[in-house]
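Working notes, structure below.
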Amino acid sequence: VQLQASGGGLVQAGGSLRVSCVASGRTSSYEVMGWFRQAPGKEREFVALVGWSTGATYYSDSVKGRFTISRDNAKNMVYLQLNSLKPEDTAVYYCVPGKLSSIRSTDYDSWGQGTQLTVSS
């Protein structure tokens, strides 16, 4: 499976944005689709995940209540709606398929190209 994220950009603090991810290949062999982010000089950080068949969601504490993950199985798309953005949300955002529900980046492979989000203060 290959995933391509898009939709990043420059947003003012307090603003909103939706990033998208299109998956190609055999998505049915994966249990979840996850979003991670990586800021300059920092480790890759878990953001959210959604069960590919169940639609169940899980969020990191830092984004809970502000971000919403969703998926469209028919279109092989995964979305991340980002609201109430803060400068500390600035990072490259990646979507990645997972065979288990995990918040550890090391449990995921098939990392694609991310999309840059910059939040200005």
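For the pair Ser105/Gln38, no side-chain contact is recorded, criterion being any heavy-atom separation below 4.5 Å from C-beta on. Contact check for Met77 versus Ser20: side-chain heavy atoms found under the 4.5 Å cut-off. In this structure the side chain of Gln4 never reaches within 4.5 angstrom of the side chain of Cys21, judged on heavy atoms. Side-chain contact between Leu117 and Leu85: present, with at least one pair of heavy atoms (C-beta onward) separated by less than 4.5 Å.
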side-chain contact (heavy atoms from CB on, under 4.5 Å) between Ser16 and Gln81, worked out: CA-CA 7 Å; Ser16 298; Gln81 177 68 39; 3.9 Å; yes
Residue pair Lys64, Asp61: steps toward the salt bridge (Lys or Arg N to Asp or Glu O under 4.0 Å) verdict: CA-CA 5 Å; Lys64 194 178 299 181; Asp61 287 342; 3.3 Å; yes
Test log, rule side-chain contact (heavy atoms from CB on, under 4.5 Å), inputs Glu31 and Ser101: CA-CA 7 Å; Glu31 180 178 341; Ser101 184; 4.1 Å; yes
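Closest approach of Val19 to Trp35, counting heavy atoms only: CG2-CH2, 3.7 Å. Taking both residues in full, the closest heavy atoms of Ala5 and Tyr93 are given as CB-O, 4.0 Å, listed atom of the first, atom of the second, then distance. The minimum heavy-atom distance linking Ala23 with Thr27 is given by the pair CB-CG2, 3.6 Å. Here the shortest heavy-atom pairing between Val63 and Val47 reads CG2-O, 3.5 Å. Considering every non-hydrogen atom in both Ala91 and Gln116, the closest pair reads O-NE2, 3.5 Å. The two atoms that bring Val32 and Leu49 nearest to each other are CG1-CD1, 4.2 Å, heavy atoms only.
For Phe36 and Trp111, the ring centers sit closer than 6.0 Å to each other.
Taking CE of Met33 as the reference point, atom CG of Asn76 lies at 7.0 Å (rounded to 0.5 Å). Expressed to the nearest 0.5 Å, how far NZ of Lys42 lies from OG1 of Thr90 amounts to 10.0 Å.
Checked by atom type and distance alone, the side chain of Arg71 pairs as donor or acceptor with a backbone atom of Trp52 at under 3.5 Å. Not a single donor-acceptor pair under 3.5 Å links the side chain of Arg37 to the backbone N or O of Val92. Using modelled atom types, no side-chain atom of Ser110 and backbone atom of Gln2 make a donor-acceptor pair closer than 3.5 Å. Of the possible polar contacts, one joining the Thr115 side chain to the Gly8 backbone as a donor-acceptor pair under 3.5 Å is found.
Within 6.0 Å of CD in Glu88 there are more than 12 heavy atoms belonging to other residues, nucleotides or ligands.
Follow the hydrophobic side-chain contacts under 4.5 Å out from Ile103 and you never reach Tyr59; the two are in separate clusters. Linking ILVMFWY side-chain heavy atoms closer than 4.5 Å, directly or via other members, places Val50 and Leu3 in a single hydrophobic cluster. Ile69 and Tyr79 fall into different hydrophobic clusters, where Ile, Leu, Val, Met, Phe, Trp and Tyr side chains are chained together by heavy-atom contacts under 4.5 Å. Hydrophobic clustering (side-chain heavy atoms under 4.5 Å, transitive across Ile, Leu, Val, Met, Phe, Trp, Tyr) groups Tyr94 together with Tyr58. Under a hydrophobic-cluster definition in which Ile, Leu, Val, Met, Phe, Trp and Tyr are linked whenever side-chain heavy atoms come within less than 4.5 Å, directly or via other members, Val78 and Phe46 are assigned to different clusters.
At a threshold of 4.0 Å, the pair Asp89-Arg66 counts as salt-bridged, since one of the basic side-chain nitrogens sits closer than that to a carboxylate oxygen.
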